[in-house]
Amino acid sequence: DFRHRVEADCTEAASRLEEYLGKKFNGPMAFEVSTPEEIGQLFRRTMKAPQDFLKTMQRISERFHLVPPGYDIAAKQLEMLGTVAGVFDPDTDRLYVVEARHGGSDEQLRVTIAHELVHAYRDVDKDYCARAHRLSLTNSDEAEALNFLIEGDATLLGYAIGYTTGGESIDSVAKLL
């Protein structure tokens with residue numbers, strides 16, 4: 001069943017990640033299979049972006065014609081986050097996976113889990129989420145730059161781990177991405 005697939009993929013991805021970057025996890029990753037609605041509620045509860053940061057992003061985005069005037073970035077961000085396939089919550093050290101987003105795709109599930117485990121791995125000693133939140137209160141440019149680094153790292157390694165199997169090198173796929 002889906003829960004067993006998630007458990008097996010978490011174990012495999014964590015093992016490959018630690019083999020590639022070094023040991024950090026203290027045991028198996030805690031996870032929950034969630035609905036899209038539950039993920040949306042999680043984001044609404046934990047969204048830490050201060051209003052000043054969101055207003056600044058709104059003004060910048062409008063000024064550079066990235067969004068039309070009056071476009072509600074915060075509401076759209078919450079709407080978009082409600083469509084994610086998985087999320088790591090650093091406050092609870094728990095991975096949430098949305099079964100409805102994966103259908104029958106083992107590959108997509110592996111990539112999602114690997115992506116979120118990279119966030120968990122980096123958060124162990126870097127505490128990226130708390131750092132990004134602190135920066136968003138004082139320097140929105142640095143906060144945005146850190147966010148791009150966090151997501152870029154998780155995307156690159158997530159795909160590299162998700163698309164390789166035991167016999168393939170993570171480096172061989174990471175170089176292609």
Side-chain angles (χ1 to χ4, degrees), residues 1-49 75-132 144 146-177:
D1 80 327
F2 187 75
R3 186 168 184 71
H4 289 107
R5 284 175 49 204
V6 171
E7 186 173 22
D9 286 348
C10 278
T11 301
E12 174 69 17
S15 172
R16 308 260 342 270
L17 186 59
E18 288 184 319
E19 179 183 303
Y20 187 66
L21 294 175
K23 181 112 175 87
K24 282 193 186 175
F25 294 125
N26 293 323
M29 176 59 60
F31 71 89
E32 287 184 29
V33 175
S34 302
T35 65
E37 294 75 25
E38 290 168 334
I39 294 295
Q41 290 169 2
L42 173 70
F43 280 120
R44 279 188 281 289
R45 267 195 328 271
T46 61
M47 191 169 168
K48 295 178 181 174
K76 289 297 180 182
Q77 183 179 20
L78 277 173
E79 183 182 314
M80 181 187 72
L81 291 173
T83 68
V84 299
V87 64
F88 169 70
D89 181 1
D91 294 331
T92 62
D93 289 326
R94 184 172 298 275
L95 169 66
Y96 295 87
V97 181
V98 180
E99 183 172 10
R101 303 275 187 249
H102 293 93
S105 171
D106 288 339
E107 196 169 76
Q108 182 186 12
L109 179 61
R110 283 193 312 268
V111 169
T112 298
I113 288 171
H115 177 103
E116 297 307 330
L117 284 178
V118 171
H119 288 314
Y121 184 93
R122 299 296 192 197
D123 201 60
V124 168
D125 62 340
K126 302 283 189 263
D127 201 15
Y128 280 140
C129 295
R131 288 170 64 192
E144 195 66 22
L146 180 59
N147 187 53
F148 283 122
L149 288 172
I150 291 168
E151 287 304 322
D153 178 48
T155 298
L156 177 66
L157 284 172
Y159 275 113
I161 291 167
Y163 283 127
T164 58
T165 58
E168 293 177 279
S169 162
I170 292 172
D171 278 334
S172 67
V173 174
K175 288 176 185 173
L176 299 174
L177 297 174

To the nearest 0.5 Å, what is the distance between CG (Asp9) and NE2 (His4)? 12.5 Å
Does a sphere of radius 6.0 Å around CD in Glu7 hold more than 12 heavy atoms from other residues, nucleotides or ligands, not counting ones at 6.0 Å or beyond? no
Has Tyr20 got a side-chain atom pairing as donor or acceptor with Ile161's backbone, closer than 3.5 angstrom? no
Residue pair Ile113 / Ala13: nearest heavy atoms and the distance that separates them: CG2-CB, 4.3 Å
Contacts of type salt bridge (charged side-chain N to carboxylate O under 4.0 Å, His left out), residue Glu18, not counting sequence neighbours: Lys23
What distance separates Glu107 CD from Thr112 OG1, expressed to the nearest 0.5 Å? 10.5 Å
Distance-minimising heavy-atom pair for Thr35 and Val98: C-CG1, 4.2 Å
Give the table of side-chain donor-acceptor pairs shorter than 3.5 Å for residues 24-34, with sequence neighbours excluded, one pair per line with atom names and distance.
| unit_1 | atom_1 | unit_2 | atom_2 | d |
| --- | --- | --- | --- | --- |
| Lys24 | NZ | Asp125 | OD1 | 2.8 |
| Lys24 | NZ | Asp125 | OD2 | 3.1 |

Would you say Arg16's side chain and Thr164's backbone share a donor-acceptor pair under 3.5 angstrom? yes
Looking at Ile150, Leu157, Thr155, which one forms a side-chain contact (heavy atoms from CB on, under 4.5 Å) with Asp153? Leu157
Using every non-hydrogen atom in the two residues, find where His119 and Ala154 come nearest and quote the distance to one decimal. CE1-CB, 3.4 Å
Least distance between heavy atoms, Leu117 atom then Ala14 atom: CD1-N, 3.7 Å
Hey, does Tyr96 have a side-chain heavy atom less than 4.5 Å from the side chain of Val84? no
Measure from the side-chain N and O atoms of Ser15 to the backbone N and O of Thr11, and report whether any donor-acceptor pair falls under 3.5 Å. no
Hey, what do you get for CZ (Arg5) to CZ (Arg110), rounding to the nearest 0.5 Å? 9.5 Å
Minimum heavy-atom distance between Gly22 and Tyr121, given as atom pair plus value: O-OH, 2.8 Å
Please find the pair of heavy atoms, one from Ala114 and one from Gly162, that lie closest to each other, and give the distance. CB-N, 4.2 Å
